[in-house]
Peer 1: 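This is the structure, below, for whatever I ask next.
Letters go in sequence order (proteins before strands), and every chain restarts at 1.
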Amino acid sequence: MIQTLGDWVRSHHCAQLNGSHLGAQVCLMGWVQYRRDHGGLIFIDLRDREGLTQIVFSPEANAQAHQEAHVLRSEYVVAIQGLVRNRPRGMENDSLVTGRIEVVVQDWKLLNTSRTPPFLLEERVDVSDHLRLKYRYLDLRRKKMSQNLKLRHLGLQSIRNLLNDQGFVEVETPVLTKSTPEGARDFLVPSRQNPGHFFALPQSPQLFKQLLMISGQDRYYQIVRCFRDEDLRADRQPEFTQIDLEMAFVQEDQVIELSELMMQELFAATVNTPLQLPFPRMTYDEAMETYGLDRPDTRFELHLQNVTDIVKNSQFKLFAQADLVKAIRVEAGGRLTRKEIDDLTAFVKIFGAKGLAWIKVKDDEWQSPIAKFLNEQEKQELHNRLRLQSGDIVFFQAGSPEIVNAALGNLRLKLAEWFDLIPENRLDFVWITDFPLFEWDQEEKRWAACHHPFTSPRETDLHLLETAPEQARARAYDLVLNGHEIGGGSIRIHQADIQAKMFQALGISGEEAEAKFGFLTDALGYGAPPHGGIAFGLDRLIMILCKASSIREVIAFPKTQKGTCLLTDAPTEVPTRQLRELNLRLRDKTA
RNA sequence: GGAGCUGUAGUUAAGUUGGUUAUAACGCCGGCCUGUCACGCCGGAGGCCGCCGGUUCGAGUCCGGUCAGCUCCGCCA
């Protein structure tokens, strides 16, 4: 029954034929999307990557071909030879690109059958992620997924074109590389030839691209897979793709301008949207003050407002004793019910908040559990600072800056969604600059690099490394789009003595620095040029362009939240022989 | 490591206060059908109610545990 392709050659794809092909003899190949068997007349919608074409099996055209076509089922693979003709008057389907024509079959071949698919390959069918991932090859046949992959391809192509035009050279760096102490948990690969030694998969090609600058390569880029063995999120996979680039003899502005050009090309090539350059810039401090997060979604206002000074002597101890008190005013938010406020309270507790204070502003009074603790002057000052109007609701957070900002910053996003404040189709880019160089690692009780240990401090802050590390600023920059961090980079340290100071400030001993990063500090000693660069999260960018809510939608074969592949069942156990070759022995599970 | 949501036919869902044979739509199978396009009409098959245990005369329903998928916190230089 199943036939070979023989000498049949495809002449067109399934979104190609139109009125200009009338009377042409064509050959199409693809999958049966729908079958409409009228007995005397059979229609199928033939699908390939590009689209659908209606095929008609008619006894008048070829009685045997029509008779045999009764076996066709969903996802059978067929080759069709036939004539292009107009559909009868009134039978056109304007919802299809090819809806005005059809191909009447002269001859056809069944190239393969298909088991009944576990789910319908239609957009309207909402299938569980589990099934979609298990049968990913079927999921990818769906139009939306196919379009996502295509858009990703177009995006990559446009970025390569731009970077090539701008004098960048694409260089590949090792995937089997060295484990480094800072940063994310490494994926390890045991070395068979070197018992007890391990490679790590790169978290990013950071050190290699710096070495390429020292190699005089001047402008490097790579579309590169990166690996981080950390827990997954909707926008985090253990392997993901970076657009990684580095430039010699540059300052921040050159990297930023190049990046903006790249975004302009990308958005033009994929969604045909012009971008206004340059993008606005905001300091880290400003972002934290106004938005509570270092990746502010600037598509809507709903700013956080600092009211610490107003309540610092308040009777309300919770406010008076707090390091930071901030408020967020929602215009006409007073219609929130008690139940809804309870839900929001539960929401902020996720971020470590103890509770959520609120005030509903009425015409002549405040309805609030905390109003009785505030005196007239405090009320008046709050009223003025927050520009309160009847019908508003105000939420407060008091406590440590970390928790206040996290709770209120995330509450801001939640409220925007709730009150439908986020304009659709808007693309708000913003650069975040002047990051702190260090952050305090509570667990390890030491300073950790905010960006990474190779980020250059501001020259004027060099002396702070030893005296007041918390005040030192980094020459780092993040690009944020609609509240997503889509890229980040910095000007790097290119002098060995400054790099040594940096390691020292991070509590990395001279010995350890030599063992872990000796090759870099050595290289810095041989005429390293000033350099800087940036890396973009390609998956997140494409996700936003596809209006998807998870990067799984733009990765062909993603992992589940537990880091497994439902399609291949990886990771799996391996035979003991294989472990022995690698000089590995599994620890007793009960130990 | 932690919190939450979900799990019933191939799929998506409904299933009341614990009570007879677990519903529906789509899909699938058979039949009819020459202008459909998510074709239509007639008929049919299809269930370890995620899994294990408990409560009960009786569990899809209540309780405990466990597994899986998703969302989030921690984590992600």
Peer 1: May I have the distance from A/L41 (atom CG) to B/rC37 (atom P), rounded to whole angstrom?
Peer 2: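 Taking atom P of B/rC37 as the reference, CG of A/L41 is at 13 Å.
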Peer 1: At 4.0 Å (heavy atoms only), tell me whether A/E92 reaches a base, stays on the sugar-phosphate, or touches nothing.
Peer 2: base
Peer 1: How would you label the contact of A/Q203 with the nucleic acid (heavy atoms, under 4.0 Å): base, sugar-phosphate, or nothing?
Peer 2: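 Contact class for A/Q203: none.
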Peer 1: Would you call the rings of A/Y137 and A/Y135 parallel, tilted or perpendicular, where under 30° means parallel and over 60° means perpendicular?
Peer 2: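 Ring orientation, 0 to 90° scale: perpendicular.
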Peer 1: Please list all pairs passing the salt bridge (charged side-chain N to carboxylate O under 4.0 Å, His left out) test where one or both residues lie in residues 400-414 of chain A, with sequence neighbours left out.
Peer 2: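 The answer is none; no pair qualifies.
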Peer 1: Which of these nucleotides, B/rG35, B/rU36, B/rU34, is closest to any side-chain atom of A/R85?
Peer 2: B/rG35
Peer 1: Within the sub-3.5 Å range, which N or O atoms of nucleotides 68-71 of chain B have a protein N or O partner, and how far apart are they?
Peer 2:
unit_1	atom_1	unit_2	atom_2	d
B/rA68	OP1	A/K562	NZ	3.0
B/rA68	OP2	A/K562	NZ	3.3
B/rA68	O2'	A/H130	ND1	3.3
B/rG69	OP1	A/T560	OG1	3.2
B/rG69	OP1	A/T564	OG1	3.4
B/rC70	OP1	A/Q561	N	3.2
B/rC70	OP2	A/Q561	N	2.7
B/rC70	O3'	A/R552	NH2	3.1
B/rU71	OP1	A/R552	NH1	3.2
B/rU71	OP1	A/R552	NH2	3.0
B/rU71	OP2	A/R552	NH1	3.3
B/rU71	O4	A/Q561	OE1	3.3

Peer 1: Go through the structure and list residues passing ring pair (Phe, Tyr, Trp, His ring centres under 6.0 Å) with A/F57, not counting sequence neighbours.
Peer 2: A/W108
Peer 1: Using the test salt bridge (Lys or Arg N to Asp or Glu O under 4.0 Å), find all partners of A/R228 that sit at least two apart in sequence or belong to another chain.
Peer 2: none
Peer 1: Can a salt bridge be assigned to the pair A/E75 and A/R47 using a cut-off of 4.0 Å between side-chain N and carboxylate O?
Peer 2: yes
Peer 1: Mind calculating the distance between CD (A/E485) and C1' (B/rC75) to the nearest angstrom?
Peer 2: 15 Å
Peer 1: Is a salt bridge present between A/R552 and A/D539, judged by a nitrogen-to-oxygen distance below 4.0 Å?
Peer 2: no
Peer 1: Listing time: all N or O pairs from protein to nucleotides 41-47 of chain B that are below 3.5 Å?
Peer 2:
none

Peer 1: May I ask you to verify whether the side chain of A/R236 and the base of B/rC76 hold a donor-acceptor pair under 3.5 Å?
Peer 2: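 It does, because a donor-acceptor pair links the side chain of A/R236 to the base of B/rC76 below 3.5 Å.
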Peer 1: Across the strands shown, which category fits A/D229 at heavy-atom distances under 4.0 angstrom: base, sugar-phosphate, nothing?
Peer 2: nothing
Peer 1: If I take atom CE in residue A/M91 and atom C1' in nucleotide B/rC39, what distance separates them, rounded to the nearest angstrom?
Peer 2: 12 Å
Peer 1: Is there a donor and acceptor pair closer than 3.5 Å between the side chain of A/E102 and the base of B/rG35?
Peer 2: yes
Peer 1: Any base atoms under 4.0 Å from A/F351, or only sugar-phosphate, or nothing? Heavy atoms, all strands.
Peer 2: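 Sugar-phosphate, backbone atoms only, no base.
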Peer 1: Counting just side-chain N and O atoms, does A/R36 come under 4.0 Å of either OP1 or OP2 of B/rC39?
Peer 2: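 So the side chain of A/R36 is within the cut-off, an N or O lying under 4.0 Å from OP1 or OP2 of B/rC39.
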Peer 1: May I have the distance from A/D139 (atom CG) to B/rU11 (atom P), rounded to whole angstrom?
Peer 2: 15 Å
Peer 1: Before accepting this row, confirm whether a basic side-chain N of the pair A/K339/A/D342 lies closer than 4.0 Å to the acidic partner's carboxylate O.
Peer 2: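 Looking at A/K339 and A/D342, the cut-off is not met.
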Peer 1: With a non-hydrogen cut-off below 4.0 angstrom, is A/P59 in contact with a base, only sugar-phosphate, or nothing?
Peer 2: base
Peer 1: Mapping A/E122 and A/Q206 onto RNA chain B by nearest heavy atom, which one lands closer to the 5' end?
Peer 2: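 Counting from the 5' end, the first nearest nucleotide belongs to A/E122.
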Peer 1: Rounded to the nearest Å, what distance is computed from the CZ atom of residue A/F57 to the C1' atom of nucleotide B/rU36?
Peer 2: 14 Å
Peer 1: Are any of the side-chain nitrogens in A/E553 or A/R132 under 4.0 Å away from the carboxylate oxygens of its partner?
Peer 2: yes
Peer 1: Measure from the ring centre of A/F119 to the centre of the six-membered ring in the base of B/rU11, then say whether that distance is under 5.5 Å and the planes meet at under 30°.
Peer 2: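 So A/F119 does not count as stacking on the base.
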Peer 1: Have a look at A/T180 and say if it touches a base, only the backbone sugar-phosphate, or nothing, with a 4.0 Å heavy-atom cut-off.
Peer 2: nothing
Peer 1: Which nucleotide in the list B/rC33, B/rC76, B/rC37 gets nearest to the side chain of A/H38?
Peer 2: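 Between B/rC33, B/rC76, B/rC37, the one nearest the side chain of A/H38 would be B/rC33.
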Peer 1: Identify the nucleotide, in any strand shown, that forms a Watson-Crick or G-U wobble pair with B/rA3, with both distances under 3.5 Å; if there is none, say none.
Peer 2: B/rU71
Peer 1: Contact class for A/A448 (heavy atom, under 4.0 Å): base, sugar-phosphate, or nothing?
Peer 2: nothing
Peer 1: Please identify each residue that fulfils ring pair (Phe, Tyr, Trp, His ring centres under 6.0 Å) with A/F187, with sequence neighbours left out.
Peer 2: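 With sequence neighbours excluded, A/F187 shows a ring pair (Phe, Tyr, Trp, His ring centres under 6.0 Å) to no residue whatsoever.
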Peer 1: Does A/E239 come within less than 4.0 Å of A/R225, counting only side-chain N to carboxylate O?
Peer 2: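 Looking at A/E239 and A/R225, the cut-off is met.
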Peer 1: Which whole-number value in Å describes the distance from A/F347 CZ to B/rG4 P?
Peer 2: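 Rounded to whole Å, this separation is 16 Å.
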Peer 1: May I ask you to say whether A/R236 pairs ionically with A/D231, meaning some side-chain N is under 4.0 Å from a carboxylate O?
Peer 2: no
Peer 1: Between A/H70 and A/L96, name the one whose nearest nucleotide on RNA chain B is closer to the 5' end.
Peer 2: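 With A/H70 and A/L96 compared, the 5'-side residue is A/H70.
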Peer 1: For A/P118, answer base if it contacts any base atom (sugar-phosphate contacts may also be present), sugar-phosphate if it contacts only those atoms, and nothing otherwise; contact means non-hydrogen atoms under 4.0 Å.
Peer 2: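 Touches sugar-phosphate only.
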Peer 1: Contact class for A/Y34 (heavy atom, under 4.0 Å): base, sugar-phosphate, or nothing?
Peer 2: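 Sugar-phosphate, no base atom in range.
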Peer 1: Under 4.0 angstrom, heavy atoms only, what part of the nucleic acid is A/L131 near: base, sugar-phosphate, or nothing?
Peer 2: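 Counting heavy atoms under 4.0 Å across all strands, the contact made by A/L131 is with sugar-phosphate only.
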Peer 1: Examine B/rC37: is either OP1 or OP2 under 4.0 Å from a nitrogen or oxygen in the side chain of A/R35? Give yes or no.
Peer 2: no
Peer 1: For A/N93, answer base if it contacts any base atom (sugar-phosphate contacts may also be present), sugar-phosphate if it contacts only those atoms, and nothing otherwise; contact means non-hydrogen atoms under 4.0 Å.
Peer 2: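 A/N93: base contact, heavy atoms under 4.0 Å.
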Peer 1: How many whole angstroms separate atom CG of A/N62 from atom P of B/rU34?
Peer 2: 18 Å
